[in-house]
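Accompanying notes for the structure given below.
For ligands, and for the atoms within them, numbers begin at 1 and follow the listed sequence. Heavy-atom basis, side chains included; hydrogens, waters and symmetry copies ignored.
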Amino acid sequence: MDYKKNILCIGAGYVGGPTMAMIAYKCPQYKVTLVDINSQRIEAWNSDQLPIFEPGLDSIVKTCKGKNLFFSTNIESEIKKNDIIFVAVNTPTKDYGVGAGMAADLQYFEKTARQIVACAETSKIIIEKSTLPVKSAQVLERILEASDSNVQFDVLSNPEFLAEGTAMNDLENPDRVLIGSRETEAGIRARNELVEIYANWVPKDRIITSNIWSSELSKLIANAFLAQRVSSINAVSALCEVTRADVTEVANAVGMDSRIGSKFLQASVGFGGSCFKKDILNLVYICRSYGLNEPADYWEQVIKINQYQQDRFVFSMIRSMFNTLAGRKICLFGAAFKANTDDTRESPAISIAKRLVEEKAHVVVTDPRALNNFEKNLIDYPIEYEDDPYIAANAAHAIGIITEWDIYKSLDYEKIYRSMVKPAFIFDGRNIIDRQHLFKIGFNVFAIGKPELTHYK
Ligand code: NAD
Ligand code: UGA
């Protein structure tokens, strides 16, 4: 079959998979191919058991797979065949050498660039889909230009703003699609090619273009602003607890100001996910590398408050459970970093479970989707895993709610209470339970940013 465009994406993970599935779905006239070095992942994409869980993804992949959506490990030959190439490889925090613990590790990105140069026989548009430090396009261009061939490369920045759990809706109805390019004739021509792809389903006024550095930087700043709101409300939650104010009421009153807005003001046990922390650390590193120490300190504080919030959750358990958790059974409801995903990267559940084990507690973790991924993070920790929340909570001294899965809102907490050791404690890290109801059942109830409800005399 003849396709109007052939599109390749290198990196078939949480971003590459859903974004390319959406392009294939919305543009049946294009052929979309995903490649990855991880052959197990590609095998899973080619099977009925997709490698990632994302609501709505399954049916879209089923519709397109084998028609105009393909998955392969044959990276070199696909680079040869495709002239529009998205790069969506991972860019984690560097854990070695200069910038360790702060800078983005660009080894996967760079390797991809070199592979493209080595294989390309015709001109290509290379699109940065991964989140990268500002000025990465320059690095990419320098690698691409070092080739002896006459092949022309145009580099675009097209950062992805999807959130996990809502990725398919975010992709179908994005607030905006951002495309950064060089302002040369060739740059603008390449940019128009990409605009044409998105214009198949995204209204033109939501496709915005900018210079390439603004585009790269906007991605880091969008994540920094989102994370900053969570840290702001979490900092407020600590003050609410000691003053007996209620963080939900404060967030509601503050968020109704249309200049502030109500989204991302949900106090929590802390933000997780693969990107907020890494992207802010990267932003801090970039600021410092330009000698901008005050802006660096400012953004670093967002991360510090997030760690403080996770620590506070464990301290609250220790303090309220009579200053020792040794030998106590503590059940964590939720391992995913947010609801509706199986992703556990940087999940607060990881640091909390580790801390509880260090306190010699007997930790049981339950989650409807994420236990397999979670276990991999905690191989050396003696943690028990249980799919059924009722069994997990049986004979526990305390429950900690870490992920806001819907099922935890509607469990039979009377039944759970009866099966637990008394006094029974519940620590709601997501403010999803009816505190008064659980208090009436008999629980001692602690919730983020809320007055505690205890049965102590
Ligand atoms: P991921 O780890 O799920 O996927 C990346 C994939 O790239 C992996 O499957 C890996 O095997 C593959 N890969 C690495 N090197 C490769 C190479 N040389 N050749 C071929 N494949 C290679 O990561 P992700 O969550 O999809 O994130 C990818 C990028 O998108 C990151 O820069 C991230 O910051 C950004 N991002 C992520 C999200 C999100 O919600 N996860 C949202 C927006 C942006
Ligand atoms: C986030 C951004 O929302 C996306 O726009 C971005 O593309 C993505 O990072 C990325 O670059 O990877 P994601 O991490 O998938 O998406 O999920 P979010 O919904 O942003 O949640 C992040 C964390 O903040 C979660 O742990 C969530 O529970 C927490 N959160 C969020 C709160 O604690 N309170 C809130 O009010 C909102």
Side-chain angles (χ1 to χ4, degrees), residues 8-20 34-42 44-45 51-52 54 72-76 78-79 86-93 104-116 128-133 136 158-167 170-171 174-176 219-220 222-227 229-234 237 247 251 255 262-280 282 306 309-310 334 336-341 343-349 373 402-404 429-431 448:
L8 177 66
C9 178
I10 304 180
Y14 282 88
V15 166
T19 48
M20 292 305 121
L34 278 128
V35 288
D36 204 293
I37 36 168
N38 182 338
S39 55
Q40 272 179 334
R41 252 195 174 169
I42 292 297
W45 281 113
I52 62 171
E54 188 60 52
S72 161
T73 48
N74 206 338
I75 304 176
E76 295 187 355
E78 291 300 335
I79 290 173
F86 287 85
V87 182
V89 300
N90 39 327
T91 51
T93 303
D105 185 348
L106 299 178
Q107 62 168 311
Y108 308 104
F109 188 76
E110 208 200 301
K111 189 167 170 239
T112 306
R114 290 185 191 281
Q115 202 168 16
I116 293 172
E128 299 174 343
K129 193 47 128 174
S130 302
T131 303
L132 294 160
S136 294
N158 172 221
E160 185 48 58
F161 297 104
L162 69 79
E164 289 177 27
T166 55
D170 297 341
L171 288 166
D175 286 347
R176 79 306 206 183
K219 173 61 197 175
L220 294 181
N223 274 358
F225 269 56
L226 290 168
R229 280 175 73 93
V230 179
S231 279
S232 295
I233 200 67
N234 282 344
S237 74
V247 74
S262 59
K263 293 184 179 160
F264 263 72
L265 289 181
Q266 185 67 48
S268 68
V269 63
F271 61 73
S274 62
C275 294
F276 278 179
K277 186 174 170 189
K278 96 167 158 64
D279 292 347
I280 294 178
N282 186 212
N306 197 49
Q309 190 72 348
Q310 295 175 44
F337 80 96
K338 64 186 281 197
N340 300 320
T341 178
D343 195 347
T344 58
R345 291 179 288 181
E346 294 295 334
S347 172
N373 283 338
I402 311 295
T403 313
E404 73 284 18
R430 292 290 184 168
N431 289 334
I448 299 286

Kindly confirm or rule out an N or O of [X] lying under 3.5 angstrom from an N or O of ligand 1.
X	result
Lys129	no
Cys275	no
Glu160	no
Thr91	yes
Lys111	no
Thr131	yes

Handout entry: Salt-bridge contact Lys219-Glu128 (side-chain N to carboxylate O under 4.0 Å)
Key = no
Considering only protein heavy atoms, which is closest to [atom], and at what distance to one decimal place?
atom	value
atom 5 (O) of ligand 2	Phe161 O, 2.7 Å
atom 22 (C) of ligand 2	Phe276 CE1, 3.5 Å
atom 36 (O) of ligand 2	Gln266 N, 2.9 Å
atom 29 (C) of ligand 2	Phe271 CB, 3.9 Å
atom 14 (O) of ligand 2	Phe337 CE1, 3.5 Å
atom 1 (P) of ligand 1	Arg41 NH1, 3.6 Å
atom 18 (N) of ligand 1	Thr112 OG1, 3.5 Å
atom 10 (C) of ligand 1	Asp36 OD1, 3.4 Å
atom 29 (C) of ligand 1	Val89 O, 3.4 Å
atom 30 (N) of ligand 2	Val230 CG2, 3.9 Å
atom 37 (C) of ligand 1	Val15 CG2, 3.1 Å
atom 31 (C) of ligand 2	Phe264 CE2, 3.6 Å
atom 40 (O) of ligand 1	Glu164 OE2, 3.2 Å
atom 34 (O) of ligand 1	Lys278 NZ, 2.6 Å
atom 3 (O) of ligand 2	Leu226 CD1, 3.6 Å
atom 23 (O) of ligand 1	Arg345 NH1, 3.6 Å

Between the candidates [options], which shows the shortest non-hydrogen contact distance to [atom]?
atom	options	result
atom 17 (O) of ligand 2	Lys338, Glu404, Arg430	Lys338
atom 16 (C) of ligand 1	Val35, Asp343, Ile37, Asp279	Ile37
atom 15 (O) of ligand 2	Gln309, Glu160, Glu164, Lys219	Glu164

Practice task
Show the numbers, then the answer: is there a side chain to side chain donor-acceptor pair (under 3.5 Å) between Ser237 and Gln309?
Solution key: CA-CA 9 Å; Ser237 74; Gln309 190 72 348; 3.0 Å; yes
Below 4.0 Å, non-hydrogen atoms only: which portion of [X] touches ligand 1? Side chain, backbone, both or neither.
X	value
Leu132	neither
Ile10	side chain
Ala163	neither
Glu110	neither

Exercise for the section: Test the Arg345-Phe337 pair against the cation-pi criterion, namely NZ or CZ under 6.0 angstrom from the six-membered ring centroid and within 45° of the ring axis. Expected result: no
Problem - Residue part near ligand 2, for Leu162, under 4.0 Å between non-hydrogen atoms - result: backbone
Handout entry: Those atoms of ligand 2 less than 4.0 Å from some heavy atom in Cys275
Key = 10 (C), 11 (O), 12 (O)
Exercise for the section: Would you check whether Leu265 reaches within less than 4.0 Å of ligand 2, judged by its heavy atoms? Expected result: yes
Practice task
Output yes when the distance from some N or O of ligand 2 to some N or O of Gly272 is under 3.5 Å, and no in every other case.
Solution key: yes
Under a 3.5 Å distance rule, please check whether [X] uses its side chain to pair with a backbone N or O of [Y] as donor and acceptor.
X	Y	answer
Lys129	Asn158	yes
Thr91	Thr131	yes
Ser130	Val89	yes
Arg41	Pro51	no

Problem - Glu76, CD: over 12 other non-hydrogen atoms inside 6.0 angstrom - result: no
Exercise for the section: Give a yes-or-no answer on whether the side chains of Glu404 and Ser268 include a donor-acceptor pair shorter than 3.5 Å. Expected result: no
Practice task
Work out whether the distance between some heavy atom of Gln115 and some atom of ligand 1 is less than 4.0 Å.
Solution key: no
